[in-house]
Amino acid sequence: MEKIVERIYEKKQMMLNQIFQEFDEVYHSVALKCGLSDSAFFILYSICELGNGCLQRDICSVTFTSKQTIHSSIRKLEQAGYLRLETGRGRDKHIFLTEAGERLIEQKIRPILIAESQVFGEMTKEEGDTLLRLSEKYLSILRKNLDRSWEKLSGEEKRKAEISENEEEMD
């Protein structure tokens with residue numbers, strides 16, 4: 001009986017993983033249709049959410065993308081004439097859309113934001129709330145379980161290192 005339950009959970013996890021992969025594919029396809037890399041698309045998307053003049057670290061935070069990747073894409077968008085940077089306090093750089101960047105947003109990014117909003121508009125309030133609540137719950141439980149797994153792995157690695165050190169001392 002336990003194996004059957006395990007297989008059911010494995011199948012559900014596989015289905016969920018496939019849904020996540022499909023989300024990635026949808027946005028990758030959208031970025032390509034816009035003539036943008038994934039990171040450039042998400043930078044422009046983030047500027048729509050965060051507002052003109054946002055900081056690179058804000059974009060990293062909302063996209064969960066490395067600082068190096070965002071920095072490189074911002075430079076390319078700046079060279080292409082879509083963004084300009086202004087120095088703020090300390091090392092802060094504020095990111096602003098140029099006129100060409102604003103046109104790009106209106107033509108390519110804003111329609112995506114509208115399509116996303118329409119998804120929630122086609123759901124009942126309860127469905128939208130449930131989707132968000134369960135997604136947050138899943139993510140919270142996953143983080144907790146992964147933290148536990150990493151702690152166990154770290155403990156095993158420490159024990160292996162200690163055993164290895166003890167063996168070397170005996171030699």
Side-chain angles (χ1 to χ4, degrees), residues 13-123 127-154 157:
Q13 186 61 56
M14 287 173 57
M15 291 169 65
L16 186 60
N17 289 345
Q18 186 171 358
I19 290 169
F20 289 149
Q21 292 300 320
E22 287 182 53
F23 271 112
D24 287 345
E25 178 53 32
V26 165
Y27 285 100
H28 176 69
S29 294
V30 165
L32 290 178
K33 287 177 185 172
C34 291
L36 298 166
S37 67
D38 291 358
S39 56
F41 172 80
F42 283 113
I43 287 167
L44 295 169
Y45 184 103
S46 297
I47 291 171
C48 286
E49 287 185 325
L50 297 167
N52 222 1
C54 63
L55 300 172
Q56 176 178 316
R57 73 169 164 259
D58 298 330
I59 293 172
C60 294
S61 184
V62 299
T63 62
F64 297 93
T65 305
S66 74
K67 192 161 55 168
Q68 295 86 349
T69 299
I70 296 299
H71 177 77
S72 173
S73 288
I74 286 172
R75 290 286 173 230
K76 289 177 186 172
L77 288 166
E78 182 182 27
Q79 290 168 357
Y82 297 121
L83 300 178
R84 66 181 168 77
L85 304 178
E86 289 185 13
T87 303
R89 290 189 323 173
R91 296 178 62 191
D92 285 348
K93 296 277 187 190
H94 294 272
I95 303 162
F96 292 91
L97 296 167
T98 62
E99 284 184 31
E102 288 177 11
R103 282 192 304 275
L104 181 65
I105 293 278
E106 287 308 313
Q107 294 169 356
K108 307 283 185 171
I109 308 300
R110 189 89 51 217
I112 307 309
L113 295 168
I114 292 168
E116 289 174 330
S117 294
Q118 289 170 340
V119 170
F120 279 101
E122 292 180 26
M123 292 181 182
E127 288 171 331
D129 291 346
T130 300
L131 174 63
L132 294 174
R133 183 177 49 77
L134 292 177
S135 296
E136 288 172 345
K137 181 176 182 175
Y138 176 87
L139 189 56
S140 174
I141 293 169
L142 178 62
R143 280 191 175 124
K144 179 182 70 174
N145 290 345
L146 288 175
D147 285 347
R148 276 194 220 136
S149 294
W150 287 120
E151 286 172 14
K152 287 179 186 175
L153 286 174
S154 295
E157 288 174 10

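Atoms SG and CG, on Cys54 and Asp92 in that order, are 11.5 Å from each other to the nearest 0.5 Å. Separating the OG atom in Ser135 from the NZ atom in Lys137 is a distance of 12.0 Å, to the nearest 0.5 Å. Between the CG atom in Leu131 and the CZ atom in Arg133 there is a gap of 10.0 Å [rounded to 0.5 Å]. Here the CG atom belonging to Leu83 is positioned 9.0 Å from the CG atom belonging to Asn52, to the nearest 0.5 angstrom. In this structure, CG in Asp129 is found 10.5 Å from CE in Met123, a value given to the nearest 0.5 Å. Taking CD of Glu49 as the start and CD1 of Ile59 as the end, the distance is 10.5 Å to the nearest 0.5 Å.
Side-chain atoms of Ser117 come within 3.5 Å of backbone N or O of Leu113 as a donor-acceptor pair. The backbone N or O of Glu25 sits less than 3.5 Å from a side-chain atom of Ser29, completing a donor-acceptor pair. Thr65 contributes no side-chain N or O that, together with a main-chain N or O of Ile70, makes up a donor-acceptor pair within less than 3.5 Å.
Cys34 and Lys108 get closest at one heavy-atom pair: SG-CB, 3.7 Å. Considering every non-hydrogen atom in both Thr69 and Ser66, the closest pair reads OG1-OG, 2.9 Å.
Proximity of Leu85 to His94: side-chain heavy atoms (C-beta onward) are nowhere separated by under 4.5 Å. You'll find the side chain of Lys93 stays beyond 4.5 Å of the side chain of Leu55, heavy atoms only. The side-chain heavy atoms of His71 and Gln56, taken from C-beta on, include a pair separated by under 4.5 Å. Annotation: side chain of Phe23 is in contact with side chain of Ile19 (closest heavy-atom distance under 4.5 Å). Side-chain atoms of Glu136 and Leu139, non-hydrogen and from C-beta on, never get closer than 4.5 Å to each other. With a 4.5 Å cut-off on side-chain heavy atoms, Leu104 and Leu36 count as touching. At least one side-chain heavy atom of Asn145 sits under 4.5 Å from a side-chain heavy atom of Arg148.
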Distance-only donor-acceptor hits, side chain of residues 38-47, under 3.5 Å, sequence neighbours excluded:
{"from": "Asp38", "atom 1": "OD1", "to": "His28", "atom 2": "ND1", "distance (Å)": "2.9"}
{"from": "Asp38", "atom 1": "OD2", "to": "His28", "atom 2": "ND1", "distance (Å)": "3.1"}
{"from": "Ser39", "atom 1": "OG", "to": "Ser37", "atom 2": "OG", "distance (Å)": "3.3"}
{"from": "Ser39", "atom 1": "OG", "to": "Ser73", "atom 2": "OG", "distance (Å)": "2.4"}
{"from": "Tyr45", "atom 1": "OH", "to": "Glu116", "atom 2": "OE1", "distance (Å)": "2.4"}
{"from": "Tyr45", "atom 1": "OH", "to": "Glu116", "atom 2": "OE2", "distance (Å)": "3.1"}
{"from": "Ser46", "atom 1": "OG", "to": "Phe42", "atom 2": "O", "distance (Å)": "2.7"}

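When the shell of 6.0 Å around CD of Gln18 is examined, it contains 12 or fewer heavy atoms from other residues, nucleotides or ligands.
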Q: Please report the C-alpha distance between Asn17 and Gln13 in whole Å, then the side-chain angles of each, then the deciding distance to 0.1 Å, and finally whether the side-chain hydrogen bond (donor to acceptor under 3.5 Å, both in side chains) criterion is met.
A: CA-CA 6 Å; Asn17 289 345; Gln13 186 61 56; 2.9 Å; yes

Q | Evaluation steps, side-chain contact (heavy atoms from CB on, under 4.5 Å), between Arg110 and Ile114 | A | CA-CA 6 Å; Arg110 189 89 51 217; Ile114 292 168; 4.1 Å; yes

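Using a 4.0 Å cut-off between charged side-chain N and carboxylate O, Glu78 and Arg75 make a salt bridge.
Residues passing the salt bridge (charged side-chain N to carboxylate O under 4.0 Å, His left out) test with Asp24, sequence neighbours excluded: none. Partners of Arg84 under the salt bridge (charged side-chain N to carboxylate O under 4.0 Å, His left out) rule, at least two apart in sequence or in another chain, are Glu86.
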